[in-house]
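Take a look at the structure set out below.
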Amino acid sequence: MEEWVFPVLRTATPLVFASMGGLWCERSGVIQIGLEGFMLLGAFFGAFFALALKSVFLGFLGAGLIGAILGGVFGIAVIRFRANQIITGTAINLFAAGLTPILCKAVYGSANSSARVDFTEPLLWGPLVAAGLCAVVSWALFLWTPWGLRMRFAGEHPEALQNAGVSVVRYRWMGVVLAGVLASVGGAMLSVFLSSSFVRGMSAGRGFIALAALILGRWNPGLTVMGCFLFAFTDLMQGRLQGHEWFGIKVADPMVHTFPYAVTLFILAFVMGRSRAPKALGEPW
Amino acid sequence: MKNKIVQSVWVFGVFTIALLNGGIAYSAVKVGLVLDRGGKDDQSFNSSAYRGLKKAEAELKAEVKTVEAPDDNSFEALQRAFAEKKMDLIIAVGFSQKDAVIKTAKRFPEQKFVLIDADAGLSNVQSAMFEEHEGSFLAGVAAAKHSKTKVIGFIGGMDIPLVKRFLLGYESGAKAVDPSIKVLSNTIGITGEAWANPAKAKELTLAQIQQKADVIYHVSGNSGSGVFDACAQKKVLAIGVDSNQNRLRPGTILTSMMKNIDRVVFDAIKSVQDKKFQGGLVRYGLKSGGVELAFDEHNKPIFDTSAKKLIEEYQAKIIAGKLSVPDYYVTSKRK
């Protein structure tokens, strides 16, 4: 347990949140390449609110709120003004990478790291349960509710949704804002749960890994969560494999570091079959 | 795109400063400091260099200018702007500035440079290199003396020669105390993100603690906070790096292997003022106080006095040249 199960669950937590955010956004028809940026902003604001309000829970809440606002900004660009979704997502990533050190400098006097969130010791189960709930609720909403069905139609056949008298734009707005909220909360997991301060650039590519998990999971909530676990597992495996000798040959660390990606490529190529994106993904409405 | 704009603003700013100051004659030593991306408040390398510069400004009355490079492409422009202003000394911090310094120093052969943490191989450049392996040797001695399980850990940022140099020194220090000691080692990643990934550093550290490690030395920049988190959580000891990190977690951080860049910067400025500037490769080890272990009020309660004594003995031996610490830069070439 202590050796594998908890570390995998812990490592997967931010990925699960971000990929669920990505799932709702992309299933509603909007490409979400800005997960990385939302995570980074969430990481900063999670630590910021937790420190300012002396509460871990309010830290997550505050990060989610900021995520909603920035998701809204993203929405205004891609939905209201029909801007290119990939470029806007990239802009979010660059914006987050530039804004967080400035804010960090302004608040904590250092562009590289924030003060320490030093009251997180009892945080063991809460975030894991929250991530589990996030995945289960997403899955249930997605499969069994009219809301989930409409969400899927906004990304699959927006015309059909329109003809049924439902506003496509409204559902896309919900998808975009949800992505902002969930990815930011996922980012806050990094600064408040998995470590204890904001560090410049600490999302370290996890937003893109979450996106990869989403594609690996064929935009399906259950498989996407499995994808997150796979990444978390291979990442830990990679750490444990470092420095081992196989048949008397010591494999260099950089080789071992490619392990998660090699496994992903293998699974994509030989196990998964074709992954199909939502039909109307990336088409402005 | 964003970087370009920031860069041009910087360059423009530097030129403006250069123009404004052009007409005034100085007698004081004029020093330009080019910091890398970390900026002057990174609480490590750059802030240390900046401290040295400020000290020189206060004590030597040096005329100082500082610029922070927004990205790796702007080093050359920033250095050139200083060189065109005919600074007495240009100090470039960080190995990532090496190529830019070589180019600028060749173009301005009369200009004096200090390059910190890399060897430019030019006579008008003082290449200040730190003997990380010597300091790490002492860190290894400290770790071995404080380990009850006889397993100690090492978390490096990337698998690069610089990190291996720390590791080899650390290992040999620990083995000098107890040849049977086991050293676990992990690296965080293969890109620059490895230095800013505390979440991953924490998982790696927890895995090492699971394997019984009870003193863990990190050489991982900003990821180190994850190492400290894990060590504090599991009540084992950690060793900090680059600057004095003892105060970050009193009771958890055993000591820090410091690279005293502030001293190097100050000494270099002083040498220019005294007209004793020395070009070429200059090594700063235990002997010149370039590297040392940090002892202060934060680690005094946890640091064993007999261990401290042993460290002082080893330090004296290394300084006297009676003991040579294996240097990865040398041993890796011999193979």
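Numbers restart at 1 for each chain; the letters A, B, ... are given by sequence-line order, proteins then strands.
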For the atom pair [atom1] ([X]) and [atom2] ([Y]), what is the distance rounded to the nearest 0.5 Å?
X	Y	atom1	atom2	answer
B/Lys202	A/Thr11	NZ	OG1	10.5 Å
B/Asp229	A/Ser197	CG	OG	6.5 Å
A/Ser196	B/Gln233	OG	CD	10.0 Å
A/Phe6	B/Leu206	CZ	CG	12.5 Å

Open item on the list: Would you say NZ of B/Lys175 has more than 12 non-hydrogen atoms from neighbouring residues, nucleotides or ligands within 6.0 angstrom?
Closed with: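 Yes - once you tally the heavy atoms of other residues, nucleotides and ligands closer than 6.0 Å, there are more than 12.
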- [ ] Verify the neighbour count for atom CZ of A/Phe259: are there more than 12 heavy atoms of other residues, nucleotides or ligands below 6.0 Å?
- [x]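 Yes, the 6.0 Å shell around CZ holds more than 12 heavy atoms from other groups.
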Heavy-atom pair with the smallest gap, counting every atom of [X] and [Y]:
X	Y	answer
B/Asn186	A/Gly239	ND2-O, 2.8 Å
B/Ala199	A/Leu194	CB-CB, 3.8 Å
A/Val199	B/Ser225	CG2-OG, 4.1 Å

- [ ] Under 4.5 Å, counting heavy-atom pairs only, tell me which of A/Arg10, A/Arg200, A/Arg240, A/Met189 racks up the most with chain B.
- [x]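 Of A/Arg10, A/Arg200, A/Arg240, A/Met189, A/Arg10 has the most heavy-atom pairs under 4.5 Å with chain B.
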TODO: Report yes if some heavy atom in the side chain of B/Lys200 is under 4.5 Å from a heavy atom in the side chain of A/Gln238; otherwise report no.
DONE: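 In contact.
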- [ ] Check whether any side-chain heavy atom of B/Glu193 lies under 4.5 Å from a side-chain heavy atom of A/Arg206, and answer yes or no.
- [x]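 They are not in contact (no side-chain heavy atoms under 4.5 Å apart), so the answer is no.
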Task: Polar side-chain atom of A/Gln242 near backbone of B/Thr187 as donor-acceptor pair, under 3.5 Å - done: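 A pair under 3.5 Å: yes.
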Task: Among B/Ser185, B/Ser223, B/Ala194, B/Gly189, residue most engaged with chain A (heavy-atom pairs, under 4.5 Å) - done: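 That would be B/Gly189.
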